Amino acid sequence: MEERNVIGVYHLTKKYGDQYALKDVNLQVGNGEFVFLVGPSGAGKSTLLRLIYMDEFPTDGQVVAGSFVSTTVDRKKIPYLRRKIGVIFQDFKLLEDRDVFENVAIAMRVTGEKSYEIKKLVIHILTQVGLYHKRNDLPRKLSGGEQQRVAIARAIVNRPAILLADEPTGNLDPDVTEEILRLLFRINSGGTAVLMATHNLSLVENFGQRIVHLKDGIIHEDRLTGLGGNPSDKLSEYRWNRKRLDKQETTGELR
Amino acid sequence: MEERNVIGVYHLTKKYGDQYALKDVNLQVGNGEFVFLVGPSGAGKSTLLRLIYMDEFPTDGQVVAGSFVSTTVDRKKIPYLRRKIGVIFQDFKLLEDRDVFENVAIAMRVTGEKSYEIKKLVIHILTQVGLYHKRNDLPRKLSGGEQQRVAIARAIVNRPAILLADEPTGNLDPDVTEEILRLLFRINSGGTAVLMATHNLSLVENFGQRIVHLKDGIIHEDRLTGLGGNPSDKLSEYRWNRKRLDKQETTGELR
Amino acid sequence: MSVHQLLYLIKESFRTIKRHKGVTAISIIIMSLTLLILAVFLLVTDNMLMFMSQAREEMRIYVYLEDSLDRSVIEDYHRRILSMLEVEQVVFISKEEALLEFREELGEESDLLDALDTNPLPASFRIALKSAYKDKNKIELFASKVGGLEGVEEVRYGKDFLEKFSTIMKGFLYVDAFIGIVVILSTIFIISNAVRLSVVSRKRSIEILKLVGATNRFITTPFIFEGALQGGIASFIAMAMLFFIFLVGVKFLPELSFFSPEKAFAFILLCVLIGSAGSFTALRRFLRA
Amino acid sequence: MSVHQLLYLIKESFRTIKRHKGVTAISIIIMSLTLLILAVFLLVTDNMLMFMSQAREEMRIYVYLEDSLDRSVIEDYHRRILSMLEVEQVVFISKEEALLEFREELGEESDLLDALDTNPLPASFRIALKSAYKDKNKIELFASKVGGLEGVEEVRYGKDFLEKFSTIMKGFLYVDAFIGIVVILSTIFIISNAVRLSVVSRKRSIEILKLVGATNRFITTPFIFEGALQGGIASFIAMAMLFFIFLVGVKFLPELSFFSPEKAFAFILLCVLIGSAGSFTALRRFLRA
Ligand SMILES: Nc1ncnc2c1ncn2[C@@H]1O[C@H](COP(=O)(O)OP(=O)(O)OP(=O)(O)O)[C@@H](O)[C@H]1O
Ligand SMILES: Nc1ncnc2c1ncn2[C@@H]1O[C@H](COP(=O)(O)OP(=O)(O)OP(=O)(O)O)[C@@H](O)[C@H]1O
Ligand SMILES: [Mg+2]
Ligand SMILES: [Mg+2]
């Protein structure tokens, strides 16, 4: 069972000062699953993601991401974890002094990939997010939505095993949002597990998937949209998800 | 007629390199009016706002904000324009080394307001956006939505004559979004003209107002919601969105 | 600017220093060390100049008299020379005193004077000129005037030495001025750049302040105050360190002297100015762009 | 680290320098000026040490002989002294040569020697010792050994002067070492802080690189390369400026000499090391936090 989960969060507690940001949170994300993380502002969504990519460590409890366990991980090995996890940061975190191409390429540079490989893939992904024509611009010359798409491109260019997306469509209009969503689904169907924090409820409902509802640092609800379903039974969930996704893709309902 | 408009944009063109960000845009916002500015990513919304608060100047045409005219303004006087315009920046632009209180207070500090006046008003506004308990925290300790609310508080604390809001709810959940919207409406009814750029179409539809639709730097449409219009254009889309959202909210499916 | 605002801005500069403790400490240390080097240079120069003026002070003109000269004539000459405009002081040295002095000068080798039967040294006047007349040409003029007196064998004032000394001193002054220019420019440059880097590191804050309606004065005031404070603290530290070095150095060169309190104070004041001017110019460039 | 990556990182450091032209230029100028001050100090020290060793080099021991001594005995002594372990060179100076030298020494005042009837100066050996034996105690030992020879009137080697000279030199060395420590520490501190500020200004980039999976080595390599490059360029500029200063100075003090090429090269190499070490330590602290 452990093998099937790429993310495991066990009795996770995170305190800042004497304020709880997360309180005894339990969550497993299976290999290739797609999970929406919703909840009001300040609920702890970004904190949960930060703990998963091990930018911070739990006050209590444990996080397992891939083969990395928060309680035992060697800090020198964390870069290798980060290469397996693509993160779309809520505040983008683009390198201000490098152009769009390099901002996306950097995720591959750190792995020591060959230059022509990098070029090929980066150009491919920039075309997909509609920014090929902006490849030589610095981030500060981009609009908010364009910056967000650069952040998305960087997170997925490596085809990571896990994708953590923190409000990835907050600055995008509905059309582009749908396109990006389709991109994420495609990556997901390629085997990447996706955990996406969002406020965009219409989105969540449209692309009904597993939804985890966080509030005041506590998981309030963990369910499938439109289906009562037992959240602990991951398998049926998968099947159902896949079916929904397949249907959507074949019927072209999204456009 | 000139007196009634607090914002006047005449044949406005802005070029970056040889790319047009805005092309011959004409727009007047009356005193106390509330206008939504919508359009896809990269349409030129933020650029238009930047030109209004005179962070940049037109390649061609003219911007009038209050009594300041872009073609004749003395650059030394621009600070006085900025004090009349509250801006909610798309990327927040908080002062990283000052706490929440000071980030809001700074908008009054620059005007030379008395300390106890500042304290009174800042505390009032922080309570309204639900961040009174975070008043001593640095921005980096806040969640995305909390940061956005600080940016909102700073923009409105002065009760400016003009409020420019650039995607002010991109990081807020629907509940907080509605609260913020209500706040903006209240300020608007106090006489502040509001120009708000957003992607959140359901929002636009719910709070039907004047909508300006920008696309590729050109004003495509400038109309009132719910009123007339060609069904082939965006209107039907908006209605459809709104119905869906309403259904979700009333059935409480999300909670 | 209202009083409220000024108070706020002063408080703000202290708060900024507190918030950016690390950067402030680094820049104060950079400044103190640079200023220390400058101060060392100034102290060395100061002492050298003092040494030079002392050497000038001690310069004497010797008027050698023929052995045949009468005592009354000598006394007359003494009075006449003393009354001359250029003369500060005149001392008469008899033949015997001259021999004694020569013996002392020779030191270890003085025994060879024992072989002398007669005293070959002449009597002389040792004349100290007033400062204003210690110029090479004026000395020459004076020497020829005195040399014209009846019974004066020779007038000596170390012409060769004087010329050599003034060449060396000129050389020293040139080299010192050159090094001085390098050190002073370096100091100003290093300090204003340390300040500039701290301005650059707060670039975003400055931009935001402009966007919320701050005037240039509102933005610059805390920086200038900070720059002045840093300059003052750094120069005070530099002075203290220099004094410590001086205490060590004076053990080996007892002739060394420290800055007068006025000079030390002027130094610190100058550094306060450099600090605030550095902030100001760094910001001005920045605020324009 | 793969070859691709290394190539990328080297290219990256050049690109970073280009992107941050302003900051790089500022920090190179700060570094050059600081290094120039250090280099001036080193050159002055170098020349002083050379002057001191030359003075030691020129030190001679005089062995004065009684007038009664036979020429054959003198020749025997000559040979015997020359064969001594400590001795480098021996020159015999006859009474006549001694008088001539003395006359020269007196210069302007040599005319008083005309009053002499006989030559009071003795003949002597002028002995140069080997460097290894130019120690105060060893000289004394040697002097007593030679002084014991039959017919040697006296052995002189400027005992007073030697003692005074060595005290002054010791004093100079102390002061020089003290200033040296201050200057060297200042240099290292200023350079590493200039580098640190440039690291701080790229703090956000570094954090982001860490978040996308860069190892510490990936992050540090361009910085170290940059630091080395900056150190090299800055020290080269400093050397060039110093040479210019030297050319001016040598006009007034012809005895001055410049660094040997080896020393100049070592200086530049050292600065390359300081530059890269500065980057490395600045980053290490940073990456840990
Ligand atoms: N470094 C920190 N220090 C102190 N408090 C923090 C820190 N980071 C987050 N918090 C607090 O923890 C709570 C959860 O923050 P988090 O960023 O996880 O919220 P979120 O769910 O992502 O909200 P949003 O939707 O607004 O982005 C917030 O109240 C926030 O102020
Ligand atoms: N400083 C600049 N230099 C060059 N191009 C720029 C600059 N600022 C904006 N642009 C370009 O102008 C276009 C309009 O940008 P703008 O930020 O106004 O879009 P927007 O409507 O706000 O989009 P979003 O909804 O994504 O924020 C974009 O294509 C952007 O890349
Ligand atoms: Mg968040
Ligand atoms: Mg925008």
Side-chain angles (χ1 to χ4, degrees), chain A residues 16-17 19 21 36 38-47 89-92 129-131 133-134 136-137 139-149 166-167 169-177 179-180 197-206 208 211 213-215 220-221 223 225-226, chain B residues 16-17 19 21 38-47 89-92 129-131 133-134 137 139-149 166-167 169-177 179-180 197-202 215 234 237-238 240-242 244-245 247-249 251 253-255:
Chain A
Y16 292 115
Q19 288 257 316
F36 281 112
V38 300
S41 173
K45 304 182 293 298
S46 301
T47 304
F89 300 96
Q90 195 169 9
D91 55 353
F92 314 157
V129 299
L131 285 179
H133 62 298
K134 296 270 177 192
N136 295 323
D137 283 343
R140 91 179 103 83
K141 299 201 163 181
L142 301 183
S143 81
E146 286 162 353
Q147 288 180 23
Q148 191 157 39
R149 282 178 277 162
D166 198 350
E167 196 71 61
T169 58
N171 286 279
L172 298 178
D173 56 288
D175 286 356
V176 179
T177 297
E179 240 164 78
I180 294 295
T198 187
H199 293 120
N200 197 335
L201 296 187
S202 55
L203 206 82
V204 175
E205 288 303 317
N206 272 331
I211 297 180
H213 195 118
L214 203 62
K215 199 176 167 182
H220 237 238
E221 205 174 23
R223 64 172 175 87
T225 7
Chain B
Y16 291 115
Q19 286 258 316
V38 300
S41 173
K45 303 181 294 297
S46 302
T47 303
F89 300 96
Q90 194 169 13
D91 55 353
F92 314 156
V129 298
L131 283 180
H133 63 296
K134 295 273 177 190
D137 283 344
R140 92 179 104 80
K141 299 201 164 181
L142 301 183
S143 81
E146 287 161 352
Q147 289 180 24
Q148 191 155 38
R149 280 178 280 161
D166 199 351
E167 196 70 60
T169 58
N171 285 279
L172 298 178
D173 54 288
D175 286 356
V176 180
T177 296
E179 239 164 79
I180 293 296
T198 186
H199 293 118
N200 197 336
L201 296 186
S202 55
K215 199 174 166 183
K234 299 278 144 39
E237 201 179 294
Y238 290 159
W240 185 80
N241 274 330
R242 183 184 171 179
R244 272 188 69 91
L245 191 71
K247 199 181 117 223
Q248 285 162 8
E249 275 178 356
T251 57
E253 232 181 82
L254 287 182
R255 287 264 157 132

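These figures come from a predicted structure and were not determined experimentally. First the proteins, then the strands, lettered A, B, ... as listed; each starts at 1.
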Visitor: Who are the side chain to side chain contact (heavy atoms under 4.5 Å, CB included) partners of A:Ser46, not counting sequence neighbours?
Guide: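 Only A:Arg50, A:Gln90, A:Asp166 meet the side chain to side chain contact (heavy atoms under 4.5 Å, CB included) criterion with A:Ser46.
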
Visitor: Over all heavy atoms of both residues, which pair between B:His199 and A:Pro174 is shortest? Give the atoms and the distance, please.
Guide: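 Distance-wise, the nearest heavy atoms are O-CD, 3.8 Å.
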
Visitor: Which value, rounded to the nearest 0.5 Å, describes the distance between A:Asp173 atom CG and B:Thr198 atom OG1?
Guide: 10.5 Å

Visitor: Let me know if B:Lys45 has heavy atoms under 4.5 Å from chain A in its side chain, its backbone, both or neither.
Guide: neither

Visitor: So which residue, B:Gln147, B:Lys134, B:Glu167, ends up with the most heavy-atom pairs under 4.5 Å with chain A?
Guide: B:Glu167

Visitor: Rounded to the nearest 0.5 Å, what separates atom CG in A:Asp91 from atom CG in B:Asp91?
Guide: 10.5 Å

Visitor: Testing the basics here: between B:Glu146 and A:Ser41, what is the closest heavy-atom pair and its distance to 0.1 Å?
Guide: N-OG, 3.5 Å

Visitor: Any chance you could measure B:Gln19, atom CD, to A:Lys141, atom NZ, to the nearest 0.5 Å?
Guide: 11.5 Å

Visitor: Partners of B:Gln148 by side chain to side chain contact (heavy atoms under 4.5 Å, CB included), sequence neighbours excluded?
Guide: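 Residues passing side chain to side chain contact (heavy atoms under 4.5 Å, CB included) with B:Gln148: B:Phe92, B:Ile152, B:Asn171, B:Leu172.
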
